Amino acid sequence: MTTDTPARLLQLLSLLQTPREWPGGELADRLGVSRRTVRRDIDRLRELGYPVQATMGSDGGYRLVAGKAMPPLVLDDEEAVAIAVGLRAGAGHALEGVDEASVRALAKLEQVLPARLRHRVSTLQAATSPLTSGDGASIAPETLTVMASTVAGQERLRFAYRAKDGTESRRLTEPYRLVSTGRRWYLVAYDLDRQDWRTFRVDRVRDPFATGARFAPRELPTGSAAEYLRRSIHGRADARTYEYDVTFEAPAELVAARLPSWLGTPTPDHAHDGDQNGSGTGNSNSNSNSETRERGCRLRGSTSDPVEWVAVRLAMLGYEFSVREPRELIDCARELGGRLERAAATKGGSGGEGDRSRG
């Protein structure tokens, strides 16, 4: 029997958060109290904002329903470990939909996890290797959680940073927001040493340290961290935004399953009149080509990533594709195809220099 009222309420709440209806008699047996006590405890939970619904009947039943606000959850050990492992696995890669909110949730959860559960989470994650479709560099979840905590707590953050050219530096910042692009994580922060706003790629950050010094948030010039990051990336001297138009000889759903979200979403392409890049196939194959293109799809979008990177990423999908524009991407794809063809060509026949990789 649970005589401590707060402990009993937590136990009751944990049971009710299981998606099922609990007869009053079963709850009383689980808690070791009377049905009257169960009814009183249900009333206490309602007063705390938990939407507990009662059903009529010989035994009566209770279940937790969706309310206007999200009440605090009560998790058992296994549930807490499962959620933490999932959040850590997602946080380490800039996956679509796994943004700053999930990192904040991970920071909150790990802050209250007992040491024994924190050890289980770390052990389990160390023993597993996630297979992801993200293209960004992996990041230690601890790095993200430290940053998220300083953003939420308006606490100055110090870290070591490696620039694109390899230059190492120490930065003292007032962190504003973490932003995920679908490929990488970025920190938008005010750099105190440089007296200006900066963006930092999180995969280049080492040894983040929360200083404990609080600050009053400054006003971001663009008002939005995502917009500031976009302008920062596109405003680089070596960055040029260009539009691309690509067709695939595969259904849109298959291409989308392998395509990184940052490249966009392919749409079914039923147009099959005219040539692509001046390489028509003639009327003799018009029926088969029509069938193929009806099952194909088209991808259009814009990016400031190097054309070489986009060409490689398109080739990695494993489907036949044609580049309509821009000319730079067309030329790059043609050069890449020739380079790969030459790399695969054998020289000197079987057993010669071209077959050394087999021996």
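Remember, predicted model here, so these are calculated numbers, not experimental data. Nothing fancy with the numbering, it's 1 onward along the sequence.
- Annotation: ring-ring contact (aromatic ring centres under 6.0 Å, His included) contacts involving residues 27-47, sequence neighbours excluded, are absent.
- Checked against the 6.0 Å centroid threshold, F159 and F209 do not count as a close aromatic pair.
- The side-chain hydrogen bond (donor to acceptor under 3.5 Å, both in side chains) test applied to T143 returns no partner, not counting sequence neighbours.
- In this view, E243 satisfies the side-chain hydrogen bond (donor to acceptor under 3.5 Å, both in side chains) rule with no residue, not counting sequence neighbours.
- Looking at residues two or more places apart in sequence or on another chain, you find no salt bridge (charged side-chain N to carboxylate O under 4.0 Å, His left out) involving R300.
- For residues 211-229, the pairs satisfying side chain to side chain donor-acceptor pair (under 3.5 Å) are E174-R218, E227-R230, E227-R231, with sequence neighbours left out.
- In this structure, the salt bridge (charged side-chain N to carboxylate O under 4.0 Å, His left out) partners of E168, at least two apart in sequence or on a different chain, are R206.
- R158 pairs by the side-chain hydrogen bond (donor to acceptor under 3.5 Å, both in side chains) definition with nothing, not counting sequence neighbours.
- Y244 meets the ring-ring contact (aromatic ring centres under 6.0 Å, His included) test with no other residue; sequence neighbours excluded.
- A search for salt bridge (charged side-chain N to carboxylate O under 4.0 Å, His left out) contacts involving R198 returns D196, not counting sequence neighbours.
- Under the rule for a side chain to side chain contact (heavy atoms under 4.5 Å, CB included), the partners of Q154 that lie at least two apart in sequence or sit in another chain are F215, P217.
- For D331, the salt bridge (charged side-chain N to carboxylate O under 4.0 Å, His left out) partners two or more places apart in sequence, or in a different chain, are R327, R334.
- Not counting sequence neighbours, the partners of R171 by the side-chain hydrogen bond (donor to acceptor under 3.5 Å, both in side chains) test are S169, D191.
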